[in-house]
Amino acid sequence: MIFNFGSINIDYTYRVPYFVRPGETLESGDYNIGLGGKGVNQSLAIARAKGMVSHWGRVSSIDAWVTSELESAGVGVKDIELTPEPSGHAIIQIDALGENAILLFSGANHGFTQEKMKALIAQTAPGDTILIQNECNGLDQLIPLAVSHGCKVIFNPAPMTSKVSSLPLDQCELLFFNRTEAAALLEMPVESSAADLLRRCKESLGDVEVVLTLGSEGAWYQRSSETLFQAALKVKAIDTTAAGDTFVGYFLASRQAGLEPSQCLQRATAAAALAVQKHGAASSIPMAEEVDRLMCQQEAL
Ligand SMILES: OC[C@H]1O[C@H](O)[C@H](O)[C@@H]1O
């Protein structure tokens, strides 16, 4: 079981010709309201990949439908708290190239108390896996608590903020970064090569496993002296929202099923390629059968 301490957002997505500029009023001809949040997207991706996941989160009681939707997708929901505060939400612009720009309101995602975090960790057993992104509060308390309880911490520091560098990252088992996140954390230029970013990761984080995702280029995996690369599939992206979350969820479900890192990379890459061809966040995450079909087609090429 993966315990995912993760955000729950309501996403308001607007398609625009380009991202709105300072002082400008820009009209969008198309919008959609859907389920999102890096936490929820990753829980759904794990469940759709046939992994076992329980979500730890907070959402407004007005949005209680979220728990039913997660439960029917196979995500454990007993530790989702319904709150009087408003839900987290995101205003997402999707431009003509399918890229996104996201404005985030944390809402209930930032209401975790120390007592609540202790109670969540108390129900785990040593060796359990805890997945974390950077959209909930209290990570400076949760990560040390989880580590001292003997849990394996998997961290996707997205979105990257200045507080991430003060977290005990070297105590995590596995980190997922994209290029921007890795460069910010390692204080390197964003144009740095993957090789340089990975070398610096090893210097500052020792033997922590790292997955570096590079969007349409592909993804790297590094563990001690082992380094693997998986090229991305060539597809036409219409909406990249949640592609990274899909990648993380599929990678982790595959790892939970005992696949080798190279196979986890392959499956996660195929899932992300499908996600970018659909609109939305949670709604764009493919089912395992679609991913398996695409992988068979790729093998046949
Ligand atoms: O990674 C995509 C997610 O980022 C923001 O958290 C949005 O809610 C969106 O669903």
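Since this is a predicted model, take the numbers as computed values, not measurements. When a ligand or atom number is given, it counts from 1 through the structure's own listing order.
Classification of the Tyr31-Tyr14 ring pair by plane angle, with boundaries at 30° and 60°, yields parallel. Taking the six-membered ring where tryptophan is involved, the planes of Phe229 and Trp220 are tilted, since the angle between them lies from 30° to 60°.
Distances below 4.0 Å separate heavy atoms of Ala281 from the following atoms of ligand 1: 10 (O). Less than 4.0 angstrom separates some heavy atom of Ala90 from each of these atoms of ligand 1: 7 (C), 8 (O). Taking every non-hydrogen atom of Ile102 and a distance limit under 4.0 Å, the qualifying atoms of ligand 1 come out as 4 (O). Of all atoms in ligand 1, numbered sequentially from 1 with element shown, those under 4.0 Å from a heavy atom of Gly36 are 8 (O), 10 (O). Remark: ligand 1 atoms within the under-4.0 Å shell around heavy atoms of Glu135 are 4 (O), 5 (C), 6 (O).
With respect to atom 3 (C) of ligand 1, the closest heavy atom belonging to the protein is Asn41 ND2, 3.7 Å. The protein heavy-atom contact nearest to atom 10 (O) of ligand 1 is Asp11 OD2, 2.6 Å. Here the protein heavy atom with the shortest distance to atom 2 (C) of ligand 1 is Asp245 OD2, 3.4 Å.
Between the side chains of Ser87 and Asp63, at least one donor-acceptor pair of N or O atoms lies under 3.5 Å. Side-chain polar atoms of Thr13 and Asp11 form no donor-acceptor pair below 3.5 angstrom.
Between Trp56 and the options Val77, Ile80, Ile130, a side-chain contact (heavy atoms from CB on, under 4.5 Å) holds for only Ile130.
In this structure, Gly37 has a heavy atom closer than 4.0 Å to ligand 1.
Residue Lys38 places at least one N or O, backbone or side chain, under 3.5 Å from an N or O of ligand 1.
Under the 4.0 Å criterion applied to side-chain N and carboxylate O atoms, Lys278 and Glu290 are assigned as salt-bridge partners. With respect to Arg293 and Glu289, no salt bridge is recorded, no charged nitrogen being found less than 4.0 Å from a carboxylate O.
Using a 4.5 Å cut-off on side-chain heavy atoms (C-beta onward), Leu252 and Val53 make no contact.
Contact annotation for His89 and ligand 1: no heavy atom of the residue comes within less than 4.0 Å of the ligand.
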